[in-house]
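A short write-up of the structure that comes next.
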2 protein chains.
Amino acid sequence: MSIRYGLLALLSRGPRHGYQLRQEFEASTGATWPLNIGQVYTTLSRLERDGLIRQGEADEQGRVVYEITEAGRAEVERWFGTPVTPADRPRDELVIKLAMAVATCPDALKVIQAQRTASMRAMQELTRAKRDTASPAQRLVLDSMIFQVEAEQRWLDHCEAVLREEQS
Amino acid sequence: MSIRYGLLALLSRGPRHGYQLRQEFEASTGATWPLNIGQVYTTLSRLERDGLIRQGEADEQGRVVYEITEAGRAEVERWFGTPVTPADRPRDELVIKLAMAVATCPDALKVIQAQRTASMRAMQELTRAKRDTASPAQRLVLDSMIFQVEAEQRWLDHCEAVLREEQS
DNA sequence: ACAGCCATGTAACTTGTTACATGATTTT
DNA sequence: AAAATCATGTAACAAGTTACATGGCTGT
């Protein structure tokens, strides 16, 4: 629901049109997850269908402007007030992969090694991206990814240690 | 694609029927993400549609048994050999929420506080769950979540520090 | 004239998810 | 007899995603 609520939150600041929403969304969340412009419009249609936004009057340039409704405002409030729990998060593909590998794969250690290499490269790219990013919001997003990759690396080490212990 | 590839990986060990697949999947990945049995069958249909598995002969108990095809085996190999990158992961709802909150919300600090409380509670539940889990595979999954919540807590501290600095 | 950006939208698709229907077998 | 578990499946939907069509405007 990230995009859905993200756009709704942007609209709670004031009326916006679709193209503008993509710009602001990407300005906040950065280049790691590019947002296809088509998706903005599909998401806006669904938000309108659900009564959380409505089409306002057109721009002076004739652009279609959306504005948040009362129901939408309440929904944003609820969203900001509700923390994210582990159960809310989608299944982590890496975790599933390793869980399957330890039971299935000829050698799970190879999977771990390949992932570790990729993680290190990801870390390099993230630090480089952070160096090149001026926007504070985008830096926070990059920081989050850096912390997550660090956690991933720790977990990979841990998995390898557990595996080696089991084998011996 | 976690479920899709997860089931495919299980089938690469040998023929299985649907109910059994759910049991083995949950035995590996644990109780945090329960797998609805209906989803097993929808996913199996789609895997069959894509030529990655096929229906074999029925069980001695008359149960429908699926087996992996050559194409499926190749796909599993490819999956195990391909690392997960940050771009592969879905947008993190917490990250989006905070990125929106710092720019939109009356006070983002409240959002951070609420999340921190939830994170601490999540951590408690995860350590309790780990204490009660004998299966090594499930313990690894729980360890992954623990590392992730730790990273989340570090990031929340970091966000708060950055915010307070900006305000002053 | 043409390339590139601004701008809106739709059709088709994917995976994930749940609610429901159905019946057999096993346990209490 | 009733409850629980085993077992298979379908219908309907949500959210995310991309490819494509369409046209206006701007700078070279």
Side-chain angles (χ1 to χ4, degrees), chain A residues 1-9 15-27 29 32-53 55-66 75 79 84 87-93 95-97, chain B residues 1-9 15-27 29 32-53 55-66 75 79 84 87-93 95-97:
Chain A
M1 315 275 279
S2 298
I3 295 174
R4 181 178 163 93
Y5 280 112
L7 295 184
L8 195 59
R16 299 279 191 280
H17 61 270
Y19 212 80
Q20 194 178 1
L21 283 167
R22 183 180 70 162
Q23 285 177 331
E24 292 185 21
F25 191 91
E26 289 201 335
T29 64
T32 317
W33 302 305
L35 178 57
N36 187 299
I37 179 65
Q39 183 143 13
V40 174
Y41 295 106
T42 53
T43 305
L44 286 173
S45 309
R46 290 162 187 173
L47 283 168
E48 193 179 14
R49 172 200 65 189
D50 299 339
L52 304 179
I53 64 174
Q55 282 191 36
E57 289 173 23
D59 218 29
E60 58 276 13
Q61 273 103 42
R63 294 175 292 199
V64 184
V65 168
Y66 283 91
E75 189 68 11
W79 186 58
V84 176
D88 294 332
R89 296 180 188 276
R91 288 173 184 82
D92 185 327
E93 186 170 348
V95 175
I96 303 291
K97 190 182 289 192
Chain B
M1 316 274 277
S2 299
I3 295 174
R4 181 180 162 93
Y5 280 112
L7 296 184
L8 195 59
R16 300 277 192 281
H17 62 269
Y19 212 80
Q20 193 178 1
L21 283 167
R22 182 179 71 161
Q23 284 176 332
E24 292 184 20
F25 191 91
E26 289 201 335
T29 64
T32 317
W33 300 307
L35 178 57
N36 186 299
I37 179 64
Q39 182 143 12
V40 174
Y41 294 106
T42 54
T43 305
L44 286 173
S45 311
R46 290 161 187 176
L47 284 168
E48 193 179 14
R49 173 200 64 188
D50 299 338
L52 304 178
I53 64 174
Q55 282 191 36
E57 290 172 23
D59 218 29
E60 57 274 13
Q61 273 104 41
R63 294 175 292 198
V64 183
V65 169
Y66 283 91
E75 189 68 10
W79 186 58
V84 176
D88 294 333
R89 296 182 188 273
R91 288 174 184 82
D92 185 327
E93 186 170 348
V95 175
I96 303 291
K97 190 182 291 194

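Lettering of chains follows the sequences in order, A, B, ..., and the numbering in each one begins at 1. All values reported here derive from a predicted model rather than from experimental measurement. Worth knowing before you read on, the calculation uses all heavy atoms, side chains too, and leaves out hydrogens, waters and symmetry mates.
Between the CD1 atom of I96(A) and the C1' atom of dT15(C) there is a distance of 14 Å, rounded to whole Å. Distance CD (E60(B)) to P (dC6(D)): 17 Å, rounded to an integer number of Å. When rounded to the nearest whole Å, the span between CZ of R63(A) and P of dA7(C) equals 5 Å.
Between dT18(D), dC6(C), dA7(D), one nucleotide has an atom nearer to the side chain of T42(A) than all others, and that is dT18(D). Ranking dG16(D), dC6(C), dT10(C) by closeness to the Y41(A) side chain, first place goes to dT10(C).
Near DNA chain C, meaning a heavy atom under 4.0 Å away, there are no residues from residues 46-53 of chain A.
Nearest-nucleotide positions on DNA chain C place V64(A) closer to the 5' end than the other of V64(A) and P34(B).
Atom CD of Q61(A) has more than 12 neighbouring heavy atoms from other residues, nucleotides or ligands inside a 6.0 Å radius.
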**Q.** B/S/- contact track for nucleotides 19-26 of chain C, protein heavy atom under 4.0 Å
**A.** B-------

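Residue R91(A) has a polar side-chain atom (N or O) positioned under 4.0 Å from OP1 or OP2 of dT17(C).
Under a 3.5 Å cut-off, the side chain of Q55(A) and the backbone N or O of V64(A) do not form any donor-acceptor pair. Here the side chain of D50(B) pairs no donor or acceptor atom with the backbone of L52(B) at under 3.5 angstrom.
Here S2(A) lies in heavy-atom contact (under 4.0 Å) with sugar-phosphate atoms only.
Residues meeting the side chain to side chain donor-acceptor pair (under 3.5 Å) test with E48(A), sequence neighbours left out: none.
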